[in-house]
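Each chain gets a letter, A, B and so on, in the order its sequence line appears, and its residues count up from 1.
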There are 2 protein chains.
Amino acid sequence: MERYETLSMEALEQEYQSVVAALSAWRDRGVKLNMARGKPSAAQLDTVSGLLTVLNSAEQCKVDGMDARNYGELAGLPCARKLWAELLGCRPEETFVGGNASLTLMHTVISIAYCNGLLNSEKPWCKLDQIKFLCPAPGYDRHFAITKSFGVEMITIPMTDEGPDMDMVEELVKDPTVKGIWCVPKYSNPDGIVYSETVIRRLASMKPAAPDFLIMWDNAYCIHEFDGPFVEFPDIISLCREAGNPNMVVEFASTSKITFPGAGISVLATSVEQLAHLMKYLGVQMISADKLNQLRHVLYLKDKATTLEVARRHGDILRPKFRMVLDIMERELAPRGLGTWRKPTGGYFVSYYGPDGTAKRALELCAQTGVVMTGAGATYPYGKDPHDSNVRIAPSLPPVEELEQAMEIFCLCVRQAALEKLMK
Amino acid sequence: MERYETLSMEALEQEYQSVVAALSAWRDRGVKLNMARGKPSAAQLDTVSGLLTVLNSAEQCKVDGMDARNYGELAGLPCARKLWAELLGCRPEETFVGGNASLTLMHTVISIAYCNGLLNSEKPWCKLDQIKFLCPAPGYDRHFAITKSFGVEMITIPMTDEGPDMDMVEELVKDPTVKGIWCVPKYSNPDGIVYSETVIRRLASMKPAAPDFLIMWDNAYCIHEFDGPFVEFPDIISLCREAGNPNMVVEFASTSKITFPGAGISVLATSVEQLAHLMKYLGVQMISADKLNQLRHVLYLKDKATTLEVARRHGDILRPKFRMVLDIMERELAPRGLGTWRKPTGGYFVSYYGPDGTAKRALELCAQTGVVMTGAGATYPYGKDPHDSNVRIAPSLPPVEELEQAMEIFCLCVRQAALEKLMK
């Protein structure tokens, strides 16, 4: 195998014929494979079936001096706040335990900022002519969808191996219309980058022009190692407090990929002052999130050690899948000089960077061959990848054997797209 | 016993001394009683403990062609949509099944209107100089808190025995800045009024000036009879459709007072077109609500007949409490000519109207004697009861014997407040 860039036109033509034939053969087999979303597999969900039966009597519902079945306790069950604080390294009084989706909590915080304002806002954001948000990219499409839905202008920030390009971030926050930044600090979606301590401290120490600048700290993969042991991670809330920015960050996490994706519990964590402010508005829209599901999770996950055990069971199922993806790319794409990728040890994605201008075409070919992937561009604000290069691969859902087929097809599609470009 | 208005000053003074002495005796006993909120009692919650164990295996989670444990299905489990449609008399495709709080769904709809606009909105409401909402009152304080939090101007609409004063409503909707109306159509909070079919048809047939006028139809007590059999109720969605206003109403309900208040499931129902519009924005803030709790409810509540059976168990516990409240008021207040009230057969409240200018004082005395009630004025927009007359009594939470004590004290406080006013 040789690098495509070194091939003669004749050799390219030959390679093209062979790739087209191989893909055509796959098409004849009529496969239907899905690597679009970071959905846990049924095998993972089966490892936490105990959650279904752990809460089974009215007596258990008397907890923390209240009846968890009834109304009340806006911030969530104290025992659930304690568990989250232990997992995130913050204080229980800094947490608010929500329903089944941290995404909803993120939307709620932006919505409060937009409709009512944050603790240090001069006005609600909807009363301002312009609001901008920094979007390290590639990033999570659902984050960008939230800011977009409020008419926020999104500015793409390139990612480095240590996190967002901080020189650029520090420069941009001098603009008072820049109101915040989206961050997935541990095993970033989709690159799997763990922000370095230097980057985290620079983020916590920023002095943005906007008094209500907001770091949206989506710690989605806080305990989601699949290769190697749990990696301790700095508590952003302490760091912001120590840097004199106590109200600048709101952190989010959930058990969506620890217990059940559709039926987990979520958390929001921030300074006690910012939380008190947010709760004035949270109290208008809810009496509390589902406390019985919070209790179910506390009874099942118990403490940090037990929760890490549960997370390890997921990691054991995910590890061979990620290895399979990386091995096939190493075998099929690396020797041909087709693209680059990192080797994540946690999170839910492999982020592939193909030759410029080939991602859309490669995924179009995938779709035609029965393999559904996250849409090209989805990992960038407005769905626009400036290089048409990045593809988010989600290996978690399919069984290993299907994943192998899907990756074989993906690599063929990448090759065909690259060949088409080289032969143009 | 004589009507206070007929008493001589001397008789009033005597009566006053005796009431003050009785309240002082209660104060010495140091009671602590709460009739502030429509919270179901522990005895009610104990009747639905089966809900805790009905979903107990991974196999059960495969339902409606999907794995309810995993991500997906924004509008909720089809079987849950079907159950709600049966309960409300609408079509499954008109429903969206939410999390544990219909209040959150209501807030979300107003928030979408404010930030993005409804199906027929010319602009998002936040871009308009003025928005007004019609608030039949006395009404539900949490409704008013939602509209207030978005800076909406609230206009009080008097209630009649058949529902809101429709002459006034029809006149006011000619103003294009009037964007909606809050309704609790069956066993209204707090009066327990069931809207008449005439009122409902007039509401459904309105031709408001605002193209995006919104009826917020909070059918909170749709199957919540405690005295007598289930009362069939018109489907507002059909009526609006038939009147040529298909997108004018959004209906809400929940199982908060059928299963567990903190851990039930909720529903939003509207036209298929309005729902598709709302779901564009709902899809930005969630992947779906908790489908396992939806499934738990479907397995437990099964169908309308079974759900009505469950509701009847609550009614059996509530009935003696409501009778106790009404009996004591009949005995202590009616002969003294102190106030008026209706006799609800469903819902969660008794709404007491005392002599003008006495409600605040009566509740202050209650609080001093250890009885917590919903704050005076809470049932009116901005917390301002123009007559300082209405008190919402919530008999559901305390056991019957405590309720009896609380009502004895309440009647003494009403008497003292009335006497103070007469003697001034």
(message) So for A:S57, is it side chain, backbone, both, or neither that comes closer than 4.5 Å to the heavy atoms of chain B?
(response) backbone
(request) Counting only heavy atoms closer than 4.5 Å, note whether A:K148 contacts chain B via side chain, backbone, both or neither. (result) neither
(request) Indicate yes or no: at least one non-hydrogen side-chain atom of A:I287 is less than 4.5 angstrom from one of B:P261. (result) no
(message) Is A:N70 in contact with chain B via its backbone, its side chain, both, or neither, using a 4.5 Å heavy-atom distance?
(response) both
(request) Identify which of A:F150, A:Y281, A:F260 forms the greatest number of heavy-atom pairs closer than 4.5 Å to chain B. (result) A:F260
(request) Heavy atoms only, distances under 4.5 angstrom: which of A:Q294, A:R296, A:Q60 has the most pairs with chain B? Name it, please. (result) A:R296
(request) Taking the side chain as every heavy atom from C-beta outward, state whether A:H107 and B:L282 have any atom pair closer than 4.5 Å. (result) no
(message) Given heavy-atom pairs under 4.5 angstrom as the criterion, report whether the side chain, backbone, both or neither of A:N293 touches chain B.
(response) side chain
(message) Only pairs of heavy atoms separated by less than 4.5 Å count here; which of A:S149, A:G264, A:S49 has the most with chain B?
(response) A:S149
(request) Count the heavy-atom pairs under 4.5 Å between each of A:I110, A:T53, A:N56 and chain B, then report the option with the highest count. (result) A:N56
(message) Counting heavy-atom pairs closer than 4.5 Å to chain A, which one of B:M286, B:K280, B:R142, B:K39 comes out on top?
(response) B:K39
(message) Just to be sure I understand the criterion: a residue of residues 95-104 of chain B counts if one of its heavy atoms is under 4.5 Å from a heavy atom of chain A. Which ones qualify?
(response) B:N100, B:L103, B:T104
(message) Using heavy-atom distances under 4.5 Å, tell me whether B:L397 contacts chain A through its side chain, its backbone, both, or neither.
(response) side chain
(message) So for A:D46, is it side chain, backbone, both, or neither that comes closer than 4.5 Å to the heavy atoms of chain B?
(response) both
(request) Using non-hydrogen atoms and a 4.5 Å limit, figure out which bit of A:L51 sits close to chain B: side chain, backbone, both or neither. (result) neither
(request) Identify the two heavy atoms, one from A:Y114 and one from B:C115, that lie closest to each other, and give their separation to 0.1 Å. (result) CD2-SG, 3.6 Å
(message) Run the ring-ring contact (aromatic ring centres under 6.0 Å, His included) test against A:W125 and tell me which residues pass, sequence neighbours left out.
(response) none
(request) Check whether any side-chain heavy atom of A:Y71 sits under 4.5 Å from a side-chain heavy atom of B:S256, and report yes or no. (result) yes
(message) If I compare all heavy atoms of B:A145 with all of A:V284, which pair ends up nearest, and what's the gap?
(response) O-CG1, 3.6 Å
(request) Name the region of A:R37, side chain, backbone, both or neither, that has any atom closer than 4.5 Å to a heavy atom of chain B. (result) neither
(message) A quick test of your reading: do over 12 heavy atoms of other residues, nucleotides or ligands sit less than 6.0 Å from CD of B:E122?
(response) no
(message) Heavy-atom pairs under 4.5 Å with chain A - which of B:A289, B:G283, B:S111, B:A58 has more of them than the others?
(response) B:A289
